[in-house]
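The next block holds one structure in the form of structure tokens; read it before the comments.
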There are 2 protein chains.
Amino acid sequence: MPAPRANYHHGDLPNALVRTALRLIGRGGIAALSLREVAKRAGVSASAVYRHYADKEALLAAVAAEGFGRLNAAFVAALAAAPRQPRARLVALGQAYAAFALGHPEQYRLMFGNGRTDSRDERLVAEARQSFRHLEEAVAATLGRAADEPAVIAGAVAAWSLVHGYAMLRLDGRLDDLPPDRVPDISRVLDRLVTG
Amino acid sequence: MPAPRANYHHGDLPNALVRTALRLIGRGGIAALSLREVAKRAGVSASAVYRHYADKEALLAAVAAEGFGRLNAAFVAALAAAPRQPRARLVALGQAYAAFALGHPEQYRLMFGNGRTDSRDERLVAEARQSFRHLEEAVAATLGRAADEPAVIAGAVAAWSLVHGYAMLRLDGRLDDLPPDRVPDISRVLDRLVTG
DNA sequence: GCCGAATGTGAACGATGTCAACATAGGACT
DNA sequence: AGTCCTATGTTGACATCGTTCACATTCGGC
């Protein structure tokens, strides 16, 4: 539904492009996404995109930033619903993380895995940093230490690594060889880290 | 050095293409790699590639397979040099894994992260499976259980997730925000998993 | 109502992955 | 040795892609 618009001007092209890109990515994956297709679906010529994004990569960075925004929202929601016990809260974060990654595979892959972050996009940098801060706080609470202590940083990196690696392996189908009833879910994997 | 060849036939084009692709990837990254460039550097026309690989993705799958082969060789070497104690051997595997990933960033990214494995490449599938088996065995020895028990599978998945996630986060520059002296190295992260 | 800035258009360029038609080399069989 | 089949390589073409340039339209402030 390219939705022919009446006006010469679009109204909110930047957001419309991000939403369109997101929809197309969900259909055909990242590799199959073309700038021209996004523009056409948004009812606009290809070159119009360049009024709002420096290039294709910048548009994808905006999609990634939106993803980190949603991830952070999911974190906040998970923490609100979680019990008070620090360890349980950390596990809740990990579960929310994995649920997001497995629920939005292509966007998640855009947020990671496509080479380095596009540091031109300030929102992307800020939202990504915020995600890490959520993790750090939960680890700090679990260990009962200040957030900037080396042990806390190491713990947060370990937790992030575990959950990110698990998500990536599953998204890439790397665990599909396992008997389906043997693929451990994220809780089981998290237990290995949080407990001994 | 496109090395003009005397003969009409090349001799060992398939391997030459993989080696050339690997070299170019090391220079400019995966995204910048073009089939035509690989062919030119190998001293051959672009369409000659299609006599040996179904398409660009198939060639990249061959490069990935070669990577898994090298990873497995690194595993074997690490195990040969490691002490007898099961836990130390598991850590040695993790270190060898991280060293490979950080030492060959682009090839590692090709082995993972570019969507699902190209299952048309049998060698790729076999080598990847072998990598996981190494891990499984080390985890089984550490836990003192049989390799196909659910607890061992869960442990192997957890170990792989941790080390793969760590490598990916570092490759994507996601840990570059941290004060440089605070970026935990792989041993420190592994400790969190292997000990309590 | 005028005018500059913001936003959108269309045509064009070079590069890319892929394919079809053709050329050549090399080995098997006589 | 000569013949033919097949594997391998080449040339030229096509559609598509990201990107740019010159131009058109609209909007907001004066």
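Letters A, B, ... are given to chains in the order of the sequence lines, protein chains preceding strands, and every chain is numbered from 1. Predicted model, so just to flag it, every value in this text is computed and none were measured.
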Next on the checklist: Ignoring hydrogens, what is the shortest heavy-atom contact between A:A159 and A:L135? Give both atom names and the distance.
Outcome noted: CB-CD2, 4.1 Å
Can you tell me the distance, in whole Å, between the [atom1] atom of [X] and the [atom2] atom of [N]?
X	N	atom1	atom2	result
B:N15	D:dT8	CG	P	13 Å
A:L17	C:dT7	CG	P	13 Å
B:D12	D:dT8	CG	P	11 Å
A:D55	D:dC17	CG	C1'	14 Å
A:Y50	D:dC17	OH	P	12 Å
A:L35	D:dT19	CG	P	6 Å
B:Y53	D:dG9	OH	P	12 Å

Next on the checklist: Side chain of A:A48, heavy atoms from C-beta onward: which of D:dT10, D:dT19, C:dT9 has the nearest atom to it?
Outcome noted: C:dT9
Checklist entry - Given D:dG18, C:dT18, C:dT16, which nucleotide is nearest the side-chain atoms of B:A46? => result C:dT18
Next on the checklist: Looking at B:D172 and B:R174, would you say the former's side chain and the latter's main chain have a donor-acceptor pair under 3.5 Å?
Outcome noted: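 The answer is no, because no donor-acceptor pair under 3.5 Å joins these two groups.
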Checklist entry - Is A:Y166 reaching over with its side chain to a backbone N or O of A:P184, donor-acceptor style, under 3.5 angstrom? => result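 Pair found, side chain donor or acceptor close to backbone of A:P184.
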Checklist entry - With sugar-phosphate meaning primed atoms plus P, OP1 and OP2, does A:S45 contact a base, only sugar-phosphate, or nothing at under 4.0 Å between heavy atoms? => result base
Just the table, please: protein N/O against nucleotides 12-15 of chain D N/O, every pair under 3.5 Å.
none

Item to check | Separation between CG of B:L71 and NE2 of B:H104, rounded to the nearest 0.5 Å | outcome: 10.0 Å
Item to check | A:Y108 side, atom OH; A:H164 side, atom NE2 - distance, nearest 0.5 Å | outcome: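 With rounding to 0.5 Å, OH (A:Y108) is 4.5 Å from NE2 (A:H164).
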Checklist entry - Checking side chain to side chain contact (heavy atoms under 4.5 Å, CB included) against A:V38, which of A:L22, A:I25, A:L24, A:V18 comes through? => result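 Checked A:L22, A:I25, A:L24, A:V18 against A:V38; only one passes side chain to side chain contact (heavy atoms under 4.5 Å, CB included): A:L24.
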Item to check | Residues that A:R182 engages under side-chain hydrogen bond (donor to acceptor under 3.5 Å, both in side chains), provided they are two or more places apart | outcome: none
Next on the checklist: Heavy-atom nearest nucleotide on DNA chain D for A:E37 versus A:R51: which residue maps closer to 5'?
Outcome noted: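 Counting from the 5' end, the first nearest nucleotide belongs to A:E37.
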Checklist entry - Taking only N and O in the side chain of A:H52, is any of them less than 4.0 Å away from OP1 or OP2 of C:dG8? => result yes
